[in-house]
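Take a look at the structure below.
Numbers restart at 1 for each chain; the letters A, B, ... are given by sequence-line order, proteins then strands.
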Protein chains: 2
Amino acid sequence: MTNKYKASTFICSEIEQKIATGAYKDGEKLNEADLADEFNVSRTPLREAFQILEGIGLVELIPNRGAFVRRPTMTRLVEMFEFMAELEAWCVKLATRRLTSAQQLYLKRAASDCEKALRAGKNDEYYEANNRLHGMIYQASGNAVLEEEAHRMHRRLRPFRRKQLDVTGRLEKSMQEHADILAAMDEGDEEKAADLMRKHIYTLGNTYDQYLAALEEVPADVIEL
Amino acid sequence: MTNKYKASTFICSEIEQKIATGAYKDGEKLNEADLADEFNVSRTPLREAFQILEGIGLVELIPNRGAFVRRPTMTRLVEMFEFMAELEAWCVKLATRRLTSAQQLYLKRAASDCEKALRAGKNDEYYEANNRLHGMIYQASGNAVLEEEAHRMHRRLRPFRRKQLDVTGRLEKSMQEHADILAAMDEGDEEKAADLMRKHIYTLGNTYDQYLAALEEVPADVIEL
DNA sequence: TTTTATGAGATTGTATATAATCTGTCTGAA
DNA sequence: TTCAGACAGATTATATACAATCTCATAAAA
């Protein structure tokens, strides 16, 4: 392995990508020996990667049978976004009640960083600032379990996102949505804030649906929110 | 291993129990070689068990450092119940809209089985029927991702439950709550049904809190709902 | 023909061996 | 003393060896 990280981590993200892009088809069996060969590692780290992938839901592990690709269908992907939307809406609702002034400041800075990055056309920075914004909302919910689950779900959706492309000015709209959510939080209107967040996240699923419903295969990724 | 199952599965539930009961203390390091010795297996299935436990959140895996017990604090346990309550409330809300008559029938039967088991004092049967009831509500939500996450969270809470004991007639109250939830669903009042379910689950956390807040240590388990 | 046995080959599960990394202690220089 | 470097022991990560299980084709029996 050229990478300094644990081999299993690397392998995991590689396979994750291959499943997301469709290089590995749904239901396909992943043979340990073959893949170990392909990645130039032994079966041990590979099996570890399988277990992680099972946790992400991209692989099904059947005892004494092996690992099988479980690629989300269009329907399932929409359900994942629906679930994520609800989680984030709940985070916002709780955060609105419990937000400290320090957290509030942090959120505004993250939002402003998003805007700067967008104007500068720096997608990586936008991505990072956006993560900071959402991450702080998870944290500000004050429920550490909810926070973790939100992060986990976000991570599960990651391979189905696209960092690079801004389709139909979605990013511009996202900026406005961020602002609206923060405004509603400032007003202390938790229902409104939650509702806006739900739509903000769920729009992704819909946009996705709208563009790609006709396609048989689930495409590789989704625009970033 | 005397068991016919995969060793890792067995080991996993053993360690799970030991963490829940406090035999392994929070933050304690789990040494691979020692535990392998203790369970009379090699380190391989043990490492697998660690990974599963990490997914359940009972262990933290630090690369090149090892596995460390992460036993939920009282606060965290309450947060877990809070999260579960919200998940189930959402399930009920969606289920109320989408319930088929077959599913409705299934629910009523499960509820009635709960009652029979309770009267007969058969705790195992109550447990099973109760699971059927809740499981069907997850399924009837129509969102497979939500359904899975509800099951996952239920499983995570399992080691902290107690199947045997009915404290302060909690089970009797649970029966009534089941009936009320189903009634609200029949009426098509999704908000009411969701609210009742939220309280039904969350009561556990509160009951727990009420009884055991004074204790320093998180006790082994919680009454069944 | 259909069904059940059986065995070889393939594949997964577990054990063990080797490599890489960490931890803590010691030394010696500033 | 205090701190960087280095070495030894311990521990984890990975590779390989061995055991258990499954798959599937073949063949014998109903």
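- For the pair B:Phe39 CZ and C:dA15 C1', the computed distance is 17 Å after rounding to whole Å.
- Between A:Glu16 and A:Arg155, at least one side-chain nitrogen of the basic residue sits less than 4.0 Å from a carboxylate oxygen of the acidic one, meeting the salt-bridge criterion.
- Side-chain atoms of B:Glu88 and B:Tyr138 form a donor-acceptor pair, as typed in the model, at a separation below 3.5 Å.
- Scanning for side chain to side chain contact (heavy atoms under 4.5 Å, CB included) contacts around A:Ile62 gives A:Glu60, A:Arg65, A:Phe68, with sequence neighbours left out.
- Residues A:Arg98 and A:Gln103 have side chains not in contact (no heavy-atom distance under 4.5 Å, counting atoms from C-beta outward).
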Check nucleotides 12-15 of chain D for protein N or O atoms closer than 3.5 Å to its own N or O atoms and list the pairs.
unit_1, atom_1, unit_2, atom_2, d
D:dT12, OP1, B:Lys29, NZ, 3.3
D:dT12, O3', B:Asn64, N, 3.3
D:dA13, OP1, B:Asn64, N, 2.8
D:dA13, OP2, B:Arg47, NH1, 2.6
D:dA13, OP2, B:Arg47, NH2, 2.9
D:dA13, N7, B:Arg43, NH2, 3.1
D:dA13, N6, B:Arg43, NH1, 3.3
D:dT14, OP1, A:Ala7, N, 2.7
D:dA15, OP2, A:Ser42, N, 2.5
D:dA15, OP2, A:Ser42, OG, 2.8
D:dA15, N7, A:Thr44, OG1, 2.9

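- Distance B:Phe10 CZ to C:dG13 C1': 17 Å, rounded to the nearest Å.
- Side-chain rings of A:His134 and A:His178 approach one another, their centers coming within less than 6.0 Å.
- For B:Asp37 and C:dT14, the CG to C1' distance is 15 Å, given to the nearest whole Å.
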